[in-house]
Amino acid sequence: MGQIVILSELLVNKIAAGEVVERPASIVKELMENSLDAGATQISLEVEDGGKKLIRVIDNGCGMDAQDLKLAFTPHATSKISSAEDLFAIATLGFRGEALASIASVAQVEVVSRTAQAIEGSLLAVSGGQFGAVKPAASAVGTAISVQNLFFNTPARRKFLRTTNTELGHITEQFNRIALSHTQVHLSLSHNGRTLYGLPAGQSLRERIGVLFSAELAAELISIQRKDRAVEITGLVAPPRCSRSAAQWQYIFLNRRCIRDRFVSHAIRESFRGMLEANRQPIVFLFLQLPPQQVDVNVHPAKAEVRFADSNMIHSQVLAAIRDQLLQSDLSVPLPADSLRGLSRGPFVADTLPQRGDIHQQQNRVRQAMADFFKSADPPAVRGGQSAYPSAAGGGQSHYPTVAGGGQSAGPQISYPGAVDDRGAGFKPSASAAAEPDYPVKPSESSPAPTGPFMQIHNAYLVCQSDDGLLIIDQHALHERILYENLSQQLSRGPLASQRCLIPEVVDVTPEQMAVIDSQKQVFTQLGIAVEPFGPSSVAVQAFPVLLGKISPADFVAQLLDLLLANSGRVSREQMIHQVLDMTACKAAVKAGDPLNEAEIKNLLAQREIVERSSNCPHGRPTTIKLTLPELEKKFKRT
Ligand code: ADP
Ligand code: MG
């Protein structure tokens, strides 16, 4: 009885402040957003002691008059919306009208502001929610607001503030987000009197990234642009060779508001699928623009999350925007591969680009020199129809494309049309005019034949001429990528074509594996593999995909079961298929050490041109290293 009381307004504000004001960086965000909403073209941010002592934001926006100044600090006071309908068409960053009231309840705030119409400005101080009187004060048009001694009246919360460096890190992050999304505004940040950033108005996004992150990264970024229906997507993404171990360099802006969104993040990851190793994250600066009616921004106190009217559509647009662009870009790794620069594993072209000079003339010289070299070198691989590098067996016979090569298969023979030729190894030179490739590739008619000279070295790498230099290709990684793409293309059209085995191969299975066969029937069907029980603890492989002709069905099914068992219940079906394809491509691909003949090399190179994402193997390792003419010149000290 009598235990319920209505909380005082001050206490309500302090509670609300807990939501809005977590640390100095939250204040920076709110104040800078207010300046942007006020139409400022210049905003300066000064902080002391990581913002714990002072945060000051000075802008040249529309300012406030004496009357508005006081109102601005009362809860739910805003000039940005006035009706419920407005909530669904928000074009400003703020609209809840609680930031200033919240901030002023937990710190000592002083504002000086002036509108263009007023002849002088007004000053108001609010300390821990206690209002002073509004006084006249000299001021330029705009607003200067300083927030001192955050949490001075809530010691329990002050204790939670971290070191100056940590808090400054969070502030910089907020500053960066605004700097990236408002390149038209002149921005500066100083800490303890030292200027950290001065960003002139009108810089491009790339320039800002160059200043805020790294000039080398900025030079590497690929622009994306897509407009479809009401959604416009623009931005910059780093090629897969520049990646991070965490996702913190993935910026997503919706109508210039920095947001987190699991649909968009998923689409970003998907768009890089197969190009990055599992533990790497892409670097992305993504800007979505869509009509405010199609998104609800009022679902999170700091407005960091939003709700899209149609998240699936957003997902597919983002995926398409990034992927299309990546596929069109040359993602080969430039040399030197060892210039890490601390940022990522990837090297940056900026290190290797020629500085100055008459590039054209030098390029021509080197091009000619290289052409001469390749002519006179008479690379063994281009001479005959057979791999000219002697194999271990000495016969120049190709083991391509692996498995059961040379009739070494231990299991019972199974029937594949055309699987057995005069060499008994199921070998067919895949690029010969009449023959079908004996590994899954796109039809060779549509493959442009490589034009320049090429050769295989160490039975592991292909070296060939490109328009602007030379390429060194990891034959296994490239073939793996080709197989992966072809398999996934086929799978997208339906189950892989399979064929009944004349003599079924038998695989011993544990009870758990037996259960997996049952629960993952769909995966087996998709892959075109039919297995039937064969006694209490074994199964017989009755049908097997045509495309995997050379692989032993028993081995393959045993490995597939291991994979399915290891992942069962832990990954989505889609991820499972992805891993299965990975494994399949890896097993079926030509290995390092396999000699290749001219036709085989030609075919691989031709496929490289037409297969999507050929620059990386499915595990994300690069398939190709590129050495450009200018880089060669540099190495030969011709520049
Ligand atoms: P909101 O931004 O959600 O409206 P705030 O508490 O952040 O709420 O600000 C309250 C009001 O104060 C704003 O609606 C705006 O009218 C005014 N205001 C705040 N900061 C500025 C500024 N820098 N310049 C001009 N007006 C401002
Ligand atoms: Mg605000």
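Whatever order the structure lists ligands and atoms in, that order sets their numbers, starting from 1.
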**L31, portion touching ligand 1 at heavy-atom distance under 4.0 Å** =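 No part of L31 comes within reach of ligand 1.
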
**Asked** Starting from atom 6 (O) of ligand 1, which protein heavy atom do you reach first, and at what distance in Å?
**Response**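 That would be L100 N, 2.9 Å.
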
**Asked** Identify the closest protein heavy atom to atom 14 (O) of ligand 1: which residue and atom is it, and at what distance?
**Response**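 Of every protein heavy atom, S79 N, 2.9 Å lies nearest to atom 14 (O) of ligand 1.
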
**Prompt:** How long is the gap from CG on L288 to CD1 on I259, to the nearest 0.5 Å?
**Reply:**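 Result: 6.0 Å between the selected atoms.
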
Looking only at heavy atoms, what is the nearest atom pair of [X] and [Y], with distance?
X    : Y    : result
A107 : V147 : CB-CG1, 3.6 Å
D59  : S35  : OD2-OG, 2.7 Å
I224 : A321 : CG2-O, 3.8 Å

**Request:** State, with a plain yes or no, whether a side-chain heavy atom of R226 is found less than 4.5 Å away from one of Q317.
**Result:**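 Yes; the side chains approach each other to less than 4.5 Å.
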
**Request:** Report yes if the side chains of R307 and V295 come closer than 4.5 Å at any heavy-atom pair, otherwise no.
**Result:**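 A side-chain contact under 4.5 Å is absent here.
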
**Request:** May I ask you to decide if G142's main-chain N or O and N60's side chain share a donor-acceptor pair within less than 3.5 Å?
**Result:**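 Side chain of N60 to backbone of G142, a donor-acceptor pair under 3.5 Å: no, none is there.
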
**Prompt:** Measuring to the Mg ion (ligand 2), does N34 have an N/O/S atom at a distance below 2.8 Å?
**Reply:**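 Yes.
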
Give yes if a backbone or side-chain nitrogen or oxygen of [X] is under 3.5 Å from a nitrogen or oxygen of ligand 1, and no if not.
X   : value
G97 : yes
C62 : no
N34 : yes

**Request:** Tell me, please: is D37 in heavy-atom contact with ligand 1, that is, under 4.0 Å?
**Result:**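 No, D37 has no heavy atoms under 4.0 Å from ligand 1.
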
**Message:** With a cutoff of 4.0 Å, is K80 in contact with ligand 1, counting heavy atoms of the residue only?
**Reply:**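 Contact check K80 vs ligand 1: positive.
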
**Message:** My understanding is that we take every heavy atom of each candidate and find the minimum distance to atom 12 (O) of ligand 1. Doing that for G63, A72, G61, A40, which one comes out nearest?
**Reply:**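 Closest candidate by heavy-atom distance is A72.
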
